[in-house]
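Comments concern the structure below.
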Amino acid sequence: MITHWIDGAAEKSADGATFETINPWTQEKWDDVCEAGQAEVDAAVAAAREAFDNGPWPRMGFAERGAILHRLADLIEEHIEELSVADSNDMGKPISAMRVKDVPRAAQNFRFFADHARMSLAEAYPMDSGHHGYSRYEPAGVVAAIAPWNFPLMLETWKIAPAMAWGNTVVLKPAEDTPASATIMARLATEAGVPDGVLNVIHGFGPGAAGEMLTHHAGIDRITFTGESNTGRHIAAAGAQQLVPVSLELGGKGANIVFEDADLDAAVSWSNKAIFTNAGQVCLAGSRLFVHTSIIDEFVERFVESAKAMVVGDPTNEDTQIGPLASEVHFKKVSGFFDDLDPNAKVLCGGVASDGSWVVHPTVIVDAPLDSRICREEVFGPVVTILPFETEEEVIGLANDTPYGLNAMLFSENGRRTHRVAAALHAGTVWVNCFFVRDLRAPFGGVGWSGVGREGGNFSREFFTEPKAVVMEA
Ligand code: NAD
């Protein structure tokens with residue numbers, strides 16, 4: 001049974017409510033999950049409020065708090081297998097990706113933000129009047145964190161780590177499809193010495209349920225949300241009602257541009273990763289691939305070859321690169337794009353598995369009209385459209401012709417061009433000749449439907465603290 005974690009202890013729901021978490025590879029239940037109602041949301045917020053208002057956490061020095069967060073990172077690394085199995089069972093993610101990427105990065109999130117907060121400088125303002133002014137970054141209070149299912153542990157820690165490092169307390173609601181790793185992490189936090197009430201986890205659904213109850217709760221001071229753009233609109237409305245700052249990391253429809261002077265080996269290899277990593281269930285996916293007409297035939301041939309070579313299947317096999325989609329609901333959503341495909345679109349490889357599994361094979365589509373669903377909407381699956389372009393100006397227009405703006409990639413060996421195009425793209429991140437390379441100090445977030453606000457380094461500090469000005473008579 002996957003329980004809530006409230007005030008430093010495993011808790012069941014008062015009314016005994018539960019739901020099932022399904023392993024999308026076996027298509028069977030692998031555990032029961034406690035389902036929070038108003039009583040559990042209230043208890044979690046009350047515990048976080050008490051820990052913030054009267055507990056030691058916000059009052060501790062950065063070094064002491066940082067040492068506890070480093071201990072938590074150590075424990076995450078020691079429990080790599082338990083955490084890997086949890087997310088892999090919950091969402092069908094290949095276990096190798098958990099071991100090599102997601103769990104190490106979760107530990108790194110705690111280490112980075114612990115050190116970043118400790119090393120942060122605050123501004124001083126020598127004033128003409130002779131007064132001395134300076135800034136303080138005070139913890140904001142109780143943070144409501146709502147997370148998606150695609151990188152469960154990794155994205156939860158991306159929110160929780162800076163919130164905790166800056167002295168806040170947290171109530172986390174993981175996605176209903178991926179509850180397991182959050183409770184394990186909260187247990188490890190208590191073991192590491194995080195005081196009771198500082199990190200609380202409640203499980204449940206979104207609309208009309210735990211998610212909505214949490215974001216509408218009068219006891220919270222911040223909402224940090226990652227998920228779909230439409231859900232983001234509801235969360236923003238909840239924040240507006242209570243005048244609580246909201247950080248939104250939302251959907252994407254990333255453009256990936258391959259110019260005629262690109263290093264083709266690198267472009268094929270990175271473009272494959274950009275769309276097929278995590279079975280395309282990545283907000284940053286390079287799902288719109290634009291290739292210069294002079295190289296498109298060779299590129300498509302090599303790219304299709306790379307897609308066909310991917311190892312698809314059982315996520316528990318060390319070699320598997322693509323498992324099933326995360327749930328039956330999501331599988332049906334992605335399959336719907338194939339049902340709606342424009343008659344002119346050609347599927348060069350991949351497609352929906354016909355063996356009853358929830359697998360979608362790495363799919364490459366050409367000749368889809370620019371205004372068709374597959375080119376406009378976020379598929380969130382291993383499906384890419386490839387389209388030709390002639391000029392730099394034209395492709396900038398094509399890339400920016402979307403309401404989303406999370407990220408873009410471009411491949412070119414012409415340095416001037418890469419700077420010029422990177423500046424012209426409407427996106428929160430532009431990767432040049434690479435993909436998914438992150439510096440946790442850099443701003444992360446999107447424009448348009450891809451989000452509001454930025455997280456990472458000082459950007460997380462701005463969100464998770466209340467900057468205060470102090471002015472002293474000299
Ligand atoms: P989702 O919006 O359906 O759900 C996300 C979370 O919100 C879940 O925990 C859900 O229970 C909760 N929720 C849903 N409705 C709610 C409501 N009305 N009030 C409060 N909580 C509510 O998203 P998902 O399907 O879990 O995740 C996939 C989406 O997330 C994709 O669009 C993807 O692009 C996006 N995403 C964005 C980033 C980013 O950093 N920008 C990262 C990962 C995923």
Side-chain angles (χ1 to χ4, degrees), residues 19 21 33 35-36 41 87 90-91 93 102 105 109 144-159 171-179 182 201-217 220 223-239 241-242 244 246-254 275 277-287 325-327 329-334 377-381 402-407 427-429 436 438 442-456 459-460:
F19 62 99
T21 178
V33 190
E35 183 181 351
V41 175
D87 276 1
D90 268 347
M91 68 155 291
K93 188 192 290 269
D102 291 37
R105 170 63 196 282
N109 283 339
I146 310 266
W149 47 257
N150 60 333
F151 291 91
L153 182 69
M154 185 174 118
L155 287 176
E156 286 156 11
T157 53
W158 170 244
K159 298 176 174 309
V171 179
L172 164 69
K173 195 205 79 64
E176 50 272 32
D177 289 323
T178 52
V201 175
I202 49 164
H203 296 294
F205 297 82
E212 201 174 307
M213 290 169 196
L214 178 59
T215 52
H216 283 84
H217 204 288
I220 60 169
I223 305 173
T224 169
F225 170 76
T226 300
E228 281 190 2
S229 302
N230 255 336
T231 315
R233 293 186 172 93
H234 291 283
I235 305 269
Q241 243 173 38
Q242 306 177 68
V244 168
V246 174
S247 166
L248 302 174
E249 296 193 342
L250 308 176
K253 190 71 183 166
I275 184 62
T277 297
N278 209 30
Q281 301 165 119
V282 182
C283 50
L284 303 159
S287 52
L325 297 187
S327 66
V329 170
H330 189 57
F331 173 73
K332 285 186 174 155
K333 183 181 154 198
V334 174
E377 295 179 23
E378 183 182 44
V379 178
F380 222 54
T402 169
Y404 293 102
L406 190 57
N407 64 301
T429 300
F436 217 11
R438 294 287 315 283
F444 183 82
V447 304
W449 289 8
S450 289
V452 176
R454 296 289 183 278
E455 293 185 13
F459 303 91
S460 294

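Atoms within each ligand, like the ligands themselves, are counted from 1 in listed order. On a predicted model such as this, the values are computed, not experimentally measured, just so you know.
For Asp87, the side-chain hydrogen bond (donor to acceptor under 3.5 Å, both in side chains) partners two or more places apart in sequence, or in a different chain, are Ser181. Under the rule for a side-chain hydrogen bond (donor to acceptor under 3.5 Å, both in side chains), His216 has no partner lying at least two apart in sequence or in another chain. Taking the side-chain contact (heavy atoms from CB on, under 4.5 Å) definition, one finds that Thr402 meets it with Lys253, Arg288, Tyr404, sequence neighbours left out.
Side chain to side chain, Thr429 and Asn407 fail the donor-acceptor criterion of an N or O pair below 3.5 Å.
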Could you go through ligand 1 and list every pair where one of its N or O atoms sits under 3.5 Å from a protein N or O, giving the atom names and the distance to one decimal?
{"unit_1": "ligand 1", "atom_1": "2 (O)", "unit_2": "Glu228", "atom_2": "N", "d": "2.9"}
{"unit_1": "ligand 1", "atom_1": "2 (O)", "unit_2": "Thr231", "atom_2": "OG1", "d": "2.6"}
{"unit_1": "ligand 1", "atom_1": "9 (O)", "unit_2": "Ala147", "atom_2": "O", "d": "2.8"}
{"unit_1": "ligand 1", "atom_1": "9 (O)", "unit_2": "Lys173", "atom_2": "NZ", "d": "3.1"}
{"unit_1": "ligand 1", "atom_1": "11 (O)", "unit_2": "Lys173", "atom_2": "NZ", "d": "2.9"}
{"unit_1": "ligand 1", "atom_1": "11 (O)", "unit_2": "Glu176", "atom_2": "OE1", "d": "2.6"}
{"unit_1": "ligand 1", "atom_1": "23 (O)", "unit_2": "Glu228", "atom_2": "N", "d": "3.4"}
{"unit_1": "ligand 1", "atom_1": "25 (O)", "unit_2": "Trp149", "atom_2": "NE1", "d": "2.9"}
{"unit_1": "ligand 1", "atom_1": "26 (O)", "unit_2": "Trp149", "atom_2": "NE1", "d": "3.2"}
{"unit_1": "ligand 1", "atom_1": "30 (O)", "unit_2": "Gly227", "atom_2": "O", "d": "3.3"}
{"unit_1": "ligand 1", "atom_1": "32 (O)", "unit_2": "Glu378", "atom_2": "OE1", "d": "2.7"}
{"unit_1": "ligand 1", "atom_1": "34 (O)", "unit_2": "Glu378", "atom_2": "OE2", "d": "2.5"}
{"unit_1": "ligand 1", "atom_1": "40 (O)", "unit_2": "Glu249", "atom_2": "OE1", "d": "3.3"}
{"unit_1": "ligand 1", "atom_1": "41 (N)", "unit_2": "Leu250", "atom_2": "N", "d": "3.1"}
{"unit_1": "ligand 1", "atom_1": "41 (N)", "unit_2": "Leu250", "atom_2": "O", "d": "2.7"}

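Distance check, rounded to the nearest 0.5 Å: CZ of Phe225 to CD of Glu249 gives 10.0 Å.
Between Glu455 and Arg438 there is no salt bridge, since none of the side-chain N atoms of the basic residue sits less than 4.0 Å from a carboxylate O of the acidic one.
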